[in-house]
Amino acid sequence: MDILAWDGTLSLSEFSLAAHTLADKWKRFNPSFPSWSWVACRKQPWFGSREAEGYLSLENICLLSLRKEDRGEETCQGEEGTSCFKEEEPTDSATLVQNYDCDKHYYDFHVIYNASYRVPVLYFRAYCSGGQPLVLDEIEKGLPSCSAKALSESKWTFITHEEHPYLNRPWYKLHPCGTSEWMKLLFLGDTTQKKNGVAIELYLVAWFSVVGHVVGLSIPSEMLNDSNPL
C-alpha cells in the first residue's frame, strides 16, 4: 500500500490481522507479563457478514506508577514472580504486575475497532482491590507523570466515559479523533514504511507505542524495531 495515498485508517479485517500481530509480539517480547487475548464477538449489524469481529483484551492488571521510583524506590514483586524494576530502567513508564496483593489499582484494557473512524480505540476501566470502580480523577492521579502531562497537553488524547460497545456498561476510552492523522504521520516518519509501503499488520504495534504511554503502559523497543509481522 502506497503510504502517500493511505489515509491512516484500516478495515475491520485489517484490524483483526493487526490485533493478532500485536498480541503475538507482546507475548514474545513480554514473556513475564500477562498476554493480550482475542475476544470473538457476535457480529454487529453495521459490519459486513463476512467480517471477523472481536477485540483485544488485557485484564486484571496492576499498573504501578514510576512516581515512587523517581524518588529512588522500587516496586514490589508480584505473586507471579515478576522482577522488581528500579529507576535505572529508563524505557518503562510503568510496571505491570498480575495479582499484586497490595491495595493497588487494577485495570482492564480493551482495544476495539471503531467503524465510524475506522481506527482502533482503547477502552479501559479501573478499580480497587475490593472491586470498587475508580473515577477519572483517581485514575489520573495514579498514572505516571508523563501520562498526566500527555492528557493535559495533547489535543488527541482526551478521555470520555461511554458505553462499551460489546459489554453495554460504561467504560472510559481515549477518543479516536485525530488517530488516522497522527498514524499516517507516524508511518511517514518510518523510513522502511515510507520506502516499502504500509505494513498494515504492524498498525496496532505502532499505534499502541503512542496510546499505551497515555495510560502508563509501555511496549519494549524490540517490538518496534522488529519489522517481522510473525
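Numbers for residues simply follow the sequence, beginning at 1. Because the structure is predicted, anything quoted here is derived from the model rather than measured.
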Rounded to the nearest 0.5 Å, the CG atom of L202 sits from the CG atom of L22 at a distance of 10.0 Å

- Task: Could you check L217 against Y107 for side chain to side chain contact (heavy atoms under 4.5 Å, CB included), going step by step and ending with a plain yes or no?
- Result: CA-CA 11 Å; L217 285 171; Y107 294 78; over 6 Å; no

| request: Classify the angle between the aromatic ring planes of F187 and Y203 as parallel (below 30°), tilted (30 to 60°) or perpendicular (above 60°). | output: tilted

Quiz item: Between H175 and I159, is a side chain to side chain contact (heavy atoms under 4.5 Å, CB included) present by the stated rule, with each step listed?
Solution: CA-CA 6 Å; H175 199 278; I159 295 175; over 6 Å; no

Item to complete: Could you label the plane-to-plane angle of the W26 and F33 rings as parallel, tilted or perpendicular, counting under 30° as parallel and over 60° as perpendicular?
Response: tilted

Looking at S16 and S13, would you say the former's side chain and the latter's main chain have a donor-acceptor pair under 3.5 Å? no

Between the CG atom in L186 and the OG1 atom in T179, the distance rounded to the nearest 0.5 Å is 11.5 Å

In this structure, OG of S218 is separated from CG of N30 (nearest 0.5 Å) by 9.5 Å

Here the pair of heavy atoms bringing D7 nearest to S180 is O-CB, 3.5 Å

Heavy-atom closest pair (L174 atom, V121 atom, distance to 0.1 Å) is O-CG1, 3.4 Å

Nearest heavy-atom approach of P176 to V119 is CB-CG2, 3.7 Å

pair L224-V205: side-chain heavy atoms closer than 4.5 Å: yes

TODO: Please work out whether the ring planes of Y55 and H164 are parallel, tilted or perpendicular, with thresholds of 30° and 60°.
DONE: perpendicular

Could you tell me whether the side chain of E140 and the main chain of D137 form a donor-acceptor pair under 3.5 Å?
-> no

Note: T9 and R118 closest approach over all heavy atoms is CB-O, 3.3 Å

May I ask you to decide if W6's main-chain N or O and K184's side chain share a donor-acceptor pair within less than 3.5 Å? yes

* Asked: Any side-chain donor-acceptor pair under 3.5 Å between D108 and Y127?
  -> yes

So CG of L56 and CD1 of I112: to nearest 0.5 Å the spacing works out to 10.0 Å

| query | Any side-chain heavy-atom pair from P120 and N114 closer than 4.5 angstrom? | reply | no

Open item on the list: Checking H110 against E59: is there a side-chain donor and acceptor pair closer than 3.5 Å?
Closed with: yes

d(S35 OG, L58 CG) to nearest 0.5 Å is 8.5 Å

* Answer with yes or no whether the side chains of Y113 and E14 bring together a donor and an acceptor at under 3.5 Å. => no

Evaluation steps, ring pair (Phe, Tyr, Trp, His ring centres under 6.0 Å), between W36 and F208: CA-CA 12 Å; W36 288 94; F208 198 75; 5.6 Å; yes

For F109 and V215, the nearest pair of non-hydrogen atoms, with its separation, is CE2-CG2, 3.8 Å

So CH2 of W38 and OG of S57: to nearest 0.5 Å the spacing works out to 11.5 Å

Partner of H161 under ring pair (Phe, Tyr, Trp, His ring centres under 6.0 Å), picked from Y172, Y123, W171, is Y172

Heavy atoms of A18 and I200 approach each other most closely as CB-O, 3.7 Å

